[in-house]
Amino acid sequence: MNDSPQRRLRLTWGGATDQGRVRANNQDAMYADWGLFVVADGMGGHQGGEVAANLAVRTMTRAKRDTIRELHDAVQEANKVVYETAIAQPELHGMGTTLTSLAVIREGGSRKFVALNVGDSRIYHYRNNQLTQLTDDHSYVAELMRRGELDEEAAAVHPYRNMLTRAIGVHSEVEIDEWLVDPVAGDRFLLCSDGLTNEVSDDAIAERLSIGQDPSATARELVHLANERGGRDNSTALVVDVQIDDIDGESDQGSVEHEDGGETPGVSPAEESTPEKIAATDAFELGTKSSSSYPKKQRSWLNDRVGISVATVLIASVLLIASAAMVATIGWYARDGYHVGVVANHVVIQKGRVGGLLWFNPTLEEWTEIQVAQLNDQDQRNLIAGKPLTDLAQAREFLAQLRTRLVDPDSESRGGG
Ligand code: MN
């Protein structure tokens with residue numbers, strides 16, 4: 001027994017998503033209900049990006065998520081579903097998605113936020129007029145920046161700035177980053193896709209959050225700002241506000257307000273009647289004063305074991321330049337062999353074994369402009385399975401031969417057999 005007053009955690013949220021000014025469709029997806037907020041940014045040709053993002057979000061929403069363990073399992077399950085669907089359906093091969101989620105769990109007598117992230121969608125935490133990027137981007141340029149090899153200015157124009165080093169649906173298992181945050185009244189969280197953060201600076205985001213408009217209006221403003229500044233990608237913003245109310249004797253039910261922002265609800269978590277957004281309220285006790293007001297970052301055990309934050313595989317959500325040789329060399333640590341395979345619809349040389357070996361997934365060695373649709377049927381089958389080769393010279397030789405066999409994806413002519 002303790003005599004701390006009963007407190008109620010009250011959340012208010014609102015989201016907005018838009019396809020932007022350039023893209024033909026919206027491959028972002030989002031979801032919000034009491035206790036779970038998710039943003040996913042899909043990638044892959046045909047309908048792949050949309051399928052991947054929505055499969056991942058839907059899987060999250062259906063999973064058990066009362067504990068940190070269950071939340072991790074939910075993300076692994078989302079990864080598995082996307083991965084297996086991509087294998088089963090050739091037209092979806094190479095699809096993947098980012099997945100960033102903020103969930104509320106009960107631990108002991110108190111509530112905690114659990115943030116989980118894979119990819120370069122972000123969660124920002126706004127507290128005491130200070131904007132903090134909670135998540136780390138799993139992108140090629142972010143890895144370079146963390147290692148001090150690239151500054152912000154160079155990163156902004158880097159040709160590989162859209163390449164991910166980690167994504168949902170690329171391998172049979174995925175490494176997940178985790179952060180825990182004790183709720184404090186006045187906290188604001190922003191979950192968003194890179195379409196927002198590539199157009200709108202952190203300063204501009206902080207300014208929008210500082211104005212104190214309701215979550216829905218704030219989300220709409222942010223997406224609007226991204227479009228104003230170019231709108232080169234789909235952008236999604238989901239804002240969550242935290243209030244903590246004292247509960248006096250009356251069992252006041254309170255109310256959780258939420259509003260859907262945005263023109264298009266990017267949420268399509270289920271074909272059945274799963275509500276996209278559910279308002280609810282929940283009483284809880286803050287048994288102890290929230291001790292650390294700053295997020296505690298915890299890496300998953302896989303990463304601890306490897307001891308290095310490493311690029312596992314690179315995915316491009318957009319191929320901006322069709323230059324002949326786009327080469328990315330990443331030599332984080334040595335692995336045996338090479339193989340030529342497919343990542344995000346493009347033919348790539350990867351260092352490491354086909355399919356990876358335990359948690360040592362292949363790293364991307366060279367990226368090419370060759371798309372899967374340009375391969376003849378035989379080459380498609382070979383490469384989707386992954387073509388093992390002993391060294392880089394052999395892989396390049398294989399690519400040179402492959403280039404002589406490319407077909408025009410628009411003309412449906414196929415060599416017989
Ligand atoms: Mn994007």
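Remember, it's 1-based here, ligands and their atoms both numbered in the order they're listed.
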Enquirer: Is there side-chain contact between Tyr126 and Leu190, with heavy atoms separated by less than 4.5 Å?
Expert: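 Side-chain contact under 4.5 Å: no.
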Enquirer: So which of the N, O or S atoms of Asp233 lies nearest the Mn ion (ligand 1)?
Expert: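 Going through the N, O and S atoms of Asp233 one by one, OD2 ends up nearest to the Mn ion (ligand 1).
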Enquirer: Residues in side chain to side chain contact (heavy atoms under 4.5 Å, CB included) with Asn25, at least two apart?
Expert: Gln27, Glu50
Enquirer: Restricting to pairs with a member in residues 70-82, which pass salt bridge (charged side-chain N to carboxylate O under 4.0 Å, His left out), not counting sequence neighbours?
Expert: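 Found Lys64-Glu70, Arg69-Asp73.
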Enquirer: Restricting to N/O/S, name the atom of Asp41 that gets closest to the Mn ion (ligand 1).
Expert: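 Result for Asp41 and the Mn ion (ligand 1): OD2.
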Enquirer: Is a side-chain donor or acceptor of Gln89 paired with a backbone partner of Glu91 at a separation under 3.5 angstrom?
Expert: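 No, Gln89 side chain to Glu91 backbone: no donor-acceptor pair under 3.5 Å.
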Enquirer: Is the Mn ion (ligand 1) less than 2.8 Å from at least one N/O/S atom of Asp194?
Expert: yes
Enquirer: Is Asp28 close enough that one of its N/O/S atoms sits under 2.8 Å from the Mn ion (ligand 1)?
Expert: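 No, since none of the N, O or S atoms of Asp28 sits under 2.8 Å from the Mn ion (ligand 1).
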